[in-house]
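Heads up: the structure comes next, in structure tokens.
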Amino acid sequence: MVYESTRDKNKKLYSADAIIQGISTDGGLFVPSSFPVIDSNLLLDMIDMDYRERAKKILALFLTDYTQEEIDRCVDSAYTHQKFSSENIAPVVSLTDDISILELWHGPTCAFKDMALQLLPHLMRTAMDKKGIEEDIVILVATSGDTGKAALEGFRDVDGTHIVVFYPAEGVSPIQELQMTTQEGKNVHVLGVIGNFDDAQTGVKAIFTDREFNRVMKSSGYRLSSANSINWGRLVPQIIYYISAYIDMVKAGTLIFHEPFDVVVPTGNFGNILAAYYAKQMGIPIDRLICASNRNNILTDFLSTGVYDCNREFYKTISPSMDILVSSNLERLLYEILERDDVELVELMHNLNEEGRYELTDSQHKKLKQNFWGGYANDAETLYTIKKIYHEFGYVLDPHTAVGMKVLYDYKNKIGTSNNVLVVSTASPYKFVEDVLIGIEGEDLIKDRDEFEMLDILSSISGTRVPNPLKELKDKEIRHAKRWEKEDMERAVAEIFDLGGVGQ
Ligand SMILES: *Cc1c(COP(=O)(O)O)cnc(C)c1O
């Protein structure tokens, strides 16, 4: 299996190279040159396998340049019972006769990014070893909250890697800040930047593009890299849980083998829902892919009109991980919709860069609509959905998943479906405890409460346990207290890696 760039399909390479490079030098994203079809016998065999065994089989179809031993080692290091609170890693629970929920938040940071970021560091380190690259990897991340913590947990104590996370000291919630400042691990560095998220992100970009700095890093035995969501090594782990969920639904009798089902995905950067589309390409009987957005509903408009237009206002919402205007992974779907015409794709991306918009032809739009349907929920609707689902079923949704559930109800009303539906749940409700409690009980209940008291309130309302990683925060030692001016970010990295006077 080889990979190619969406912007130059003649640029072919193996998965290890794609994972090391992250993004192609032409600005394109790496995609498999064709999708492996997963045969019925393998699927049936998987019924009796656990998540890890399923993962090993599925990854072997994509990472053909890795040995099975290498894949096994990566999977065994990533999805451990120490790190995941659920025996099943990614369990499917049934809400009603025809709605199931795929819970992707049993990992160490209580959100779905763990599913990919627990595996990526191992895939990356193994790729470097395979290529004979001896330098240590230094991952730089600017974070507005969730990704940074998930990356810290993923890279923590992985040999031959280091991770440096910059977060805006004024731009994360108290719990998010605690999650980062108490981070354990011998290769982790967390730096508060005095400024906002854009300041942190601009600083990280400046370090990546400073050639002299990269050269000095290299001569000291380090190599800068990133862990962002366009890396193939973050996408491939996400395909696994769709296949695993299908098997689990067959095993539970929710579906008969080969029976079609719909999936609903709360969407931001389009990585998660794209993985579902890839699972469908492999032969998993997914019928409709329902793309759920918050008030930043650029994807809803795109799916209904065929016009992608980011010339619009950006809103901050209570589902912050979906507050995105340019969904980078959409490029990979476009590539398929354009029947892998890289020249036409470059043209659309050029339009996006120059004018902030592009437009599909009628036949392309039609093709898109065959597979996808889009809807959205504003904050009030999201809160209402949390309350409604809690009262009807005693199940508590986080705000991102609640967006998905609201959009599912819209889909059932407007289009209708007789299929079973799998709703992808992307975060634990405890992670967004304040808004969840506002949804269920209103503002009064949380007045003057700190976040740890809120965790306990949610626990007694829902009859579920506060996840350990959040509960333990209260008593953890602060390890990363130092704050930096945004002008000094490069100097901070130089200091960490003892690069002498560089970066002054
Ligand atoms: C990142 C994230 C999303 C969006 O996922 P994409 O793959 O970017 O579409 C949704 N919900 C939560 C909780 C997230 O952290």
Side-chain angles (χ1 to χ4, degrees), residues 29 90 101-118 120 141 143-154 172-173 175-176 179 197 227-242 263-279 289-300 302-303 317-333 372 374-377 382 385-386 396-407 423-436 467 470:
L29 309 188
I101 297 183
L102 171 58
E103 296 181 344
L104 297 178
W105 39 260
H106 292 277
T109 77
C110 307
F112 101 97
K113 290 192 176 57
D114 289 333
M115 298 303 301
L117 278 166
Q118 283 297 318
L120 172 76
V141 183
T143 186
S144 53
D146 286 352
T147 305
K149 177 63 183 174
L152 283 165
E153 282 298 329
V172 298
S173 75
I175 283 221
Q176 281 178 327
Q179 278 189 309
F197 173 62
N228 55 32
S229 76
I230 53 175
N231 193 308
W232 176 249
R234 267 187 71 174
L235 203 47
V236 69
Q238 301 189 292
I239 300 170
I240 300 166
Y241 52 70
Y242 286 103
V263 299
V264 179
V265 187
T267 298
N269 217 3
F270 212 78
N272 201 352
I273 194 167
L274 180 75
Y277 177 76
Y278 282 179
L289 296 117
I290 299 167
C291 174
S293 301
N294 62 26
R295 194 176 172 202
N296 297 295
N297 57 358
I298 184 166
L299 288 167
T300 316
F302 176 56
L303 291 170
T317 73
I318 58 170
S319 43
S321 302
M322 296 156 70
D323 290 345
I324 285 173
L325 288 185
V326 181
S327 302
S328 350
N329 267 306
L330 187 60
E331 177 166 340
R332 286 186 164 111
L333 175 65
F372 290 86
Y376 75 100
T382 306
T385 305
I386 293 173
V396 183
L397 301 170
D398 97 290
H400 302 80
T401 312
V403 167
M405 195 61 78
K406 152 71 167 64
V407 170
V423 176
V424 177
S425 178
T426 52
S428 157
Y430 287 97
K431 187 138 197 188
F432 298 92
V433 62
E434 181 168 352
D435 288 316
V436 167
L470 296 179

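In each ligand, atom 1 is the first atom listed, and ligand 1 is the first ligand listed. Just so it is clear, the values below take in all heavy atoms, side chains as well, and ignore hydrogens, waters and symmetry mates.
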Seminar exercise, completed: Sorted by chain and residue number, the salt bridge (Lys or Arg N to Asp or Glu O under 4.0 Å) partners of Asp114 (sequence neighbours excluded) come out as none

Problem set entry | Side-chain donor or acceptor of Asn296 paired with backbone N/O of Leu325 under 3.5 Å | no

For this session: Can you see which heavy atom on Ser229 is nearest to which on Asn269, and at what distance?
Result: OG-ND2, 2.9 Å

Exercise. Is Ser327 close to Thr267 at the side-chain level, that is, under 4.5 Å between some pair of heavy atoms?
Worked result: no

Problem set entry | Test item: Tyr242 side-chain N/O and Asn272 main-chain N/O as donor-acceptor pair under 3.5 Å | yes

List below, pair by pair, the N or O atoms of ligand 1 and of the protein that are less than 3.5 Å apart, including the distance to 0.1 Å; reply 'none' if no pair qualifies.
residue	atom	partner	partner atom	Å
ligand 1	7 (O)	Gly271	N	3.3
ligand 1	7 (O)	Asn272	N	2.9
ligand 1	8 (O)	Asn269	N	2.7
ligand 1	9 (O)	Gly268	N	2.7
ligand 1	9 (O)	Asn269	N	3.2
ligand 1	9 (O)	Phe270	N	3.1
ligand 1	11 (N)	Thr426	OG1	2.8
ligand 1	15 (O)	Lys113	NZ	2.5
ligand 1	15 (O)	Ser321	OG	3.4

For this session: Apply side chain to side chain contact (heavy atoms under 4.5 Å, CB included) to Tyr277 and Phe372, showing your working.
Result: CA-CA 9 Å; Tyr277 177 76; Phe372 290 86; 3.8 Å; yes

